[in-house]
Amino acid sequence: MKRLGLIVFGVCCLISSVLGKTVVATVDSYQSATLSGDIWSADMKAIYYNDTKNGGRIGADKTATMTISGMPAGTIDGITLWMHSNINSGAGEVELKVGDESTIVATGDYKDWPGREGYATDFESIKIYNQCLSIFEGASVTIVIRGDKNSLYIKQMDVDYTPAPATPHNVTLSWVDKSLKRCERVLQEKGIKQGVPLVAVPDSCKSILNNGVSWRFIGWSENAKPKEYTRVYETSDRYYPQRDVTLYAVYSDDESDMRQDTTITGGEYMMALGDVNNILHVMYGRWNENQIQLKSIKVEDAKDGLYHYQTNAIPEDWRYTIDVQGDSLTIWHAASQTWIGYDLFSTKKKGSPIKSYWKWVKTAHGSICLYADQDNDVYLVLDGKNFGENPYVSIDKKFLRTDCVFWVFFPVENVPIEAQTNWTTFIEQTGWYSVKNEDVKAIKVWKNGQIYICKDNHLYTILGEIL
């Protein structure tokens with residue numbers, strides 16, 4: 001068991017008397033606690049669990065654990081428990097954990113615990129820690145109470161703390177080049193809580209080929225080894241650091257490069273209706289009151305001048321089977337088991353879930369126009385409407401214009417329905433080199449009984465040797 005390190009500063013108590021705050025975790029039930037007092041941020045939480053399953057009572061050979069997480073950077077100035085025993089008995093031990101360090105602060109019969117003069121049936125304050133301990137942003141304070149004889153009871157834990165003065169923070173961006181060499185850049189806040197605008201990795205590092213797998217840069221993460229795709233900050237985001245922090249470039253192998261098909265030979269496709277500014281509107285679903293919904297996507301021009309679209313999956317509702325027969329084709333929506341057809345003989349010409357043959361002709365940018373046979377060169381075109389914020393497809397009369405972008409077809413046979421995603425920061429395959437920055441402040445920390453210097457997210461010995 002590690003010994004809880006103490007760093008006592010001569011000014012600590014003086015600062016605490018001016019800036020000291022107290023946060024309180026109070027037992028609600030055997031599996032919950034409420035946080036009150038000086039709550040520093042929404043990240044602070046109270047967690048409690050008692051395997052006796054009886055509120056604050058800890059029976060013999062049972063354990064209760066209470067944690068206050070998300071502490072601010074600064075110092076812990078004292079910790080107090082509110083507990084009692086039975087009238088003539090009660091024993092166990094209390095373990096205190098702060099960060100990675102832990103120590104036993106009380107053990108044996110309750111009457112022999114620090115400051116006790118006997119057993120008690122009313123809750124009384126037990127000061128288990130009364131020094132000043134430096135902590136990092138996000139640190140947790142945990143007590144583990146293990147019952148031994150009869151019962152012990154806990155009502156709450158008070159943690160006295162002093163937040164460090166607010167200062168601008170540094171954000172270190174860490175990425176790799178094509179040879180997997182680690183690169184870094186430090187962004188500095190210009191003022192307290194102003195945040196920093198994130199930037200992309202250099203263009204030459206946006207795509208990494210490793211062991212035959214192509215990885216694409218998608219953003220930045222606080223987690224060096226992302227196991228779940230939870231929060232990745234985009235390059236357009238403004239990041240607000242709570243401390244000096246490193247953000248790691250996240251690379252993904254999940255996205256397929258879908259390229260526009262201009263041959264239209266049949267198969268399974270995603271169908272998108274053209275618009276200006278490289279915005280396409282993807283059709284999805286079936287006819288519903290003469291409408292089919294659209295969803296806007298951003299596409300880019302490939303080197304060959306055709307559209308391409310990066311995605312990790314195409315859902316079933318976006319997939320249509322096209323059967324081409326000369327200058328006509330049919331459209332089948334497998335997800336709803338319906339045709340995308342038309343009814344020309346109704347009082348109001350409209351879309352219909354019956355098998356229909358659409359005529360097609362090539363139009364601008366490799367697209368095609370879909371229409372039904374009509375006299376007088378008037379076409380029933382599968383066209384896009386946009387009322388308010390809800391674009392959709394409907395039947396409408398249009399004159400054919402070959403200089404317009406109409407339907408763009410993307411083959412989807414090789415694109416999964418659901419995302420099968422892998423992410424990496426390449427942290428396990430690279431070495432480190434640091435960008436020296438003299439403006440980064442150094443602080444003292446205590447670890448495993450030794451004093452170290454923390455600067456720019458690295459630990460150094462007193463002699464300046466990096467760990």
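The chain is numbered in sequence order, starting from 1. This is a predicted model, so every value here is computed, not measured.
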Measure the shortest side-chain to side-chain distance between [X] and [Y] over non-hydrogen atoms and say whether it is less than 4.5 angstrom.
X: Glu189; Y: Pro241; result: yes
X: Pro168; Y: Gln194; result: no
X: Glu268; Y: Pro411; result: no
X: Met71; Y: Tyr161; result: yes
X: Thr311; Y: Met258; result: yes
X: Trp175; Y: Leu173; result: yes
X: Tyr129; Y: Ile76; result: yes
X: Met66; Y: Val27; result: yes

Whether over 12 other heavy atoms sit under 6.0 Å from [X] [atom1]:
X: Ile417; atom1: CD1; answer: yes
X: Glu117; atom1: CD; answer: no
X: Arg57; atom1: CZ; answer: yes
X: Lys53; atom1: NZ; answer: no

Just checking, any donor-acceptor pair under 3.5 angstrom between side chains of [X] and [Y]?
X: Thr142; Y: Thr67; value: yes
X: Thr52; Y: Asn54; value: no
X: Trp220; Y: Asp237; value: no
X: Ser221; Y: Asn223; value: no
X: Thr34; Y: Asp28; value: yes
X: Glu316; Y: Tyr284; value: no

*Short question: side chain of Asp51, backbone of Thr63 - any donor-acceptor pair under 3.5 Å?*
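Here the side-chain-to-backbone pair exists.
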*Could you walk me through whether Lys45 and Ile68 pass the side chain to side chain contact (heavy atoms under 4.5 Å, CB included) check?*
CA-CA 6 Å; Lys45 291 180 174 59; Ile68 298 177; over 6 Å; no
Please find the pair of heavy atoms, one from [X] and one from [Y], that lie closest to each other, and give the distance.
X: Gln188; Y: Asn170; value: CG-OD1, 2.9 Å
X: His281; Y: Ser296; value: ND1-OG, 2.8 Å
X: Ile154; Y: Ile58; value: CG2-CD1, 3.9 Å
X: Ser125; Y: Arg116; value: O-NH2, 2.9 Å

Nearest 0.5 Å, what's the [atom1]-[atom2] distance between [X] and [Y]?
X: Met283; Y: Asp317; atom1: CE; atom2: CG; result: 10.5 Å
X: Ile126; Y: Asp158; atom1: CD1; atom2: CG; result: 11.5 Å
X: Glu413; Y: Arg319; atom1: CD; atom2: CZ; result: 8.5 Å
X: Trp287; Y: Ile292; atom1: CH2; atom2: CD1; result: 4.5 Å
X: Trp423; Y: Ser252; atom1: CH2; atom2: OG; result: 6.5 Å
X: Phe217; Y: Ser207; atom1: CZ; atom2: OG; result: 12.5 Å

*Check step by step if side-chain hydrogen bond (donor to acceptor under 3.5 Å, both in side chains) holds for Arg185 and Thr172.*
CA-CA 6 Å; Arg185 175 183 174 183; Thr172 301; over 6 Å; no
_Ion pair Asp160/Lys127, N-O distance below 4.0 Å_ =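 The answer is yes: the pair qualifies as a salt bridge.
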*Got a salt bridge between Glu95 and Arg146, using NZ or NE/NH1/NH2 to carboxylate O under 4.0 Å?*
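Result for this pair is yes, salt bridge flagged.
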_In this structure, is the centre-to-centre distance between the rings of Phe409 and Tyr269 below 6.0 Å?_
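Yes: the rings meet the under 6.0 Å criterion.
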*Phe426 and Tyr251 aromatic centres sub-6.0 Å*: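 Yes, the ring of Phe426 comes within the 6.0 Å limit of the ring of Tyr251, centre to centre.
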*Tell me the side-chain hydrogen bond (donor to acceptor under 3.5 Å, both in side chains) pairs involving residues 104-115, sequence neighbours left out?*
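Matches after skipping sequence neighbours: Tyr110-Glu124.
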*According to the interplanar angle, ranging from 0 to 90°, do the rings of His365 and Tyr307 count as parallel (below 30°), tilted (30 to 60°) or perpendicular (above 60°)?*
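Parallel.
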*Evaluate side chain to side chain contact (heavy atoms under 4.5 Å, CB included) for Arg182 paired with Ile427, printing each intermediate quantity in order.*
CA-CA 8 Å; Arg182 181 61 56 178; Ile427 193 69; 3.8 Å; yes
*Determine, step by step, whether Gln260 and Phe410 satisfy the side chain to side chain contact (heavy atoms under 4.5 Å, CB included) criterion, reporting the C-alpha distance in whole Å, the side-chain angles of both residues, the deciding distance to 0.1 Å, and the verdict.*
CA-CA 5 Å; Gln260 174 186 0; Phe410 294 91; 4.2 Å; yes
